[in-house]
Amino acid sequence: MGETRQLFFRQLFEKESFTYTYLLADKSTKEAVIIDPVLETADRDVQLVKELGFKLKTAVNTHCHADHITGTGVMKKKLDTMKSAISKHSGAKADIHLSEGDKINFGQFFLSVRETPGHTDGCITLVLNDESMAFTGDTLLIRGCGRTDFQQGSPEKLYQSVHSKIFTLPAECILYPAHDYKGQTATTVAEESTYNPRLTKSLKEFVDIMDNLNLAHPKKIDVAVPANLLCGIQDL
């Protein structure tokens, strides 16, 4: 409980892309990390970090997003202590390229990296050191999951990632996705392994569902992906 009381946690929202950004910090050391910042709300997030007196060490993207441009590049210009991080399999530039089992430290806490490809090859899930919470990006959404029809998408890989890397966490582990379109903010391993309408199916049924979604491509994909491959700034 003592350690939990020292953890600062804030869930932030960007309304155009329905993206959640997460700020975590050690209250005693003031070291902080931010997950999936968005360009349009980067100034808001920088201001919050400064107001709270945090030293932002790392901004990590859970994957190379297709629906928005990351705020990482802008934030790096305004917070000289911060480094960018993303999976080594993403193909994107960053200060830190992450692999399975890597740790992102902030004070007495850390986030451990679990590679969870399927939505993209570079998707990762970030798990707090006590496994009380995890940040699933687009791999696992609340009662859903990321699409698998572009950017190296593979329903087979996604299914395996969720079942082997996320559903194996403690049942009470709180899961925080990169997006939600219905106003929900979080879920748990127990809920999703019981009620997720896609990932409680057999692999064959899941693949059939994902292969027949027939979704339109994200509106910003032609701009967002090239920018995110360059840390959100086109002219680096």
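Index from 1, following the sequence.
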Can a donor-acceptor pair be found between the side chains of [X] and [Y] at a distance below 3.5 Å?
X	Y	value
H119	D138	yes
E156	Q160	no
T120	Q151	no
T70	N228	no
T116	S161	no
T19	D36	no
Y20	Q11	no
H217	D222	no
S17	D67	no

State, yes or no, whether a side-chain contact exists between [X] and [Y] at a heavy-atom distance under 4.5 Å.
X	Y	value
T62	C123	no
C145	M210	yes
K157	T139	no
I104	I96	no
T200	F167	no
E14	T21	no
R44	L12	yes
I34	D45	yes

Checklist entry - Parallel, tilted or perpendicular: which describes the rings of Y176 and F9, with under 30° parallel and over 60° perpendicular? => result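 If you compare the ring of Y176 with that of F9, the planes turn out tilted.
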
Answer yes or no: is there an ion pair linking [X] with [Y], defined by an N-O contact shorter than 4.0 Å?
X	Y	answer
D208	K201	no
R143	E191	yes
E51	R10	no

Checklist entry - Should F135 and L24 be marked as a side chain to side chain contact (heavy atoms under 4.5 Å, CB included) after you check the CA-CA gap, both sets of side-chain angles, and the distance that decides it? => result CA-CA 11 Å; F135 304 88; L24 295 91; 3.9 Å; yes

Starting at [atom1] of [X], measure out to [atom2] of [Y] and round the result to the nearest 0.5 Å.
X	Y	atom1	atom2	result
S87	D102	OG	CG	9.5 Å
H163	L140	NE2	CG	9.5 Å
E40	H68	CD	NE2	8.5 Å
K78	L56	NZ	CG	13.5 Å
N196	I142	CG	CD1	10.5 Å
F54	L48	CZ	CG	7.5 Å

Looking only at heavy atoms, which two atoms of [X] and [Y] are closest? And how far apart?
X	Y	answer
F13	D180	CE1-O, 4.4 Å
Q6	Q108	CB-NE2, 3.4 Å
A186	I174	CB-CG2, 3.8 Å
T188	A171	CB-O, 3.8 Å
A42	V74	CB-CG1, 4.1 Å
S90	L229	O-CD2, 3.8 Å

Verify the cluster assignment for [X] and [Y]: are they in a single hydrophobic cluster under the rule of side-chain heavy atoms below 4.5 Å apart?
X	Y	value
V60	Y22	yes
V162	V127	yes
Y159	L175	yes
F109	I35	yes
F206	V189	yes

Checklist entry - side chain to side chain contact (heavy atoms under 4.5 Å, CB included) between M82 and T72: does it pass, once the steps are laid out? => result CA-CA 9 Å; M82 194 196 89; T72 305; 3.9 Å; yes

Any donor-acceptor pair under 3.5 Å from [X] side chain to [Y] backbone:
X	Y	answer
R147	L215	yes
K27	R5	yes
S84	D95	yes
H97	A92	yes
H89	I124	no
R114	K165	yes
D26	E31	no

Item to check | E16/K220 under salt bridge (Lys or Arg N to Asp or Glu O under 4.0 Å): CA gap, chis, key distance, verdict | outcome: CA-CA 11 Å; E16 185 178 352; K220 290 188 175 182; 3.5 Å; yes

Checklist entry - Step by step, would you call T187 with Y195 a side chain to side chain contact (heavy atoms under 4.5 Å, CB included)? => result CA-CA 11 Å; T187 183; Y195 300 116; over 6 Å; no

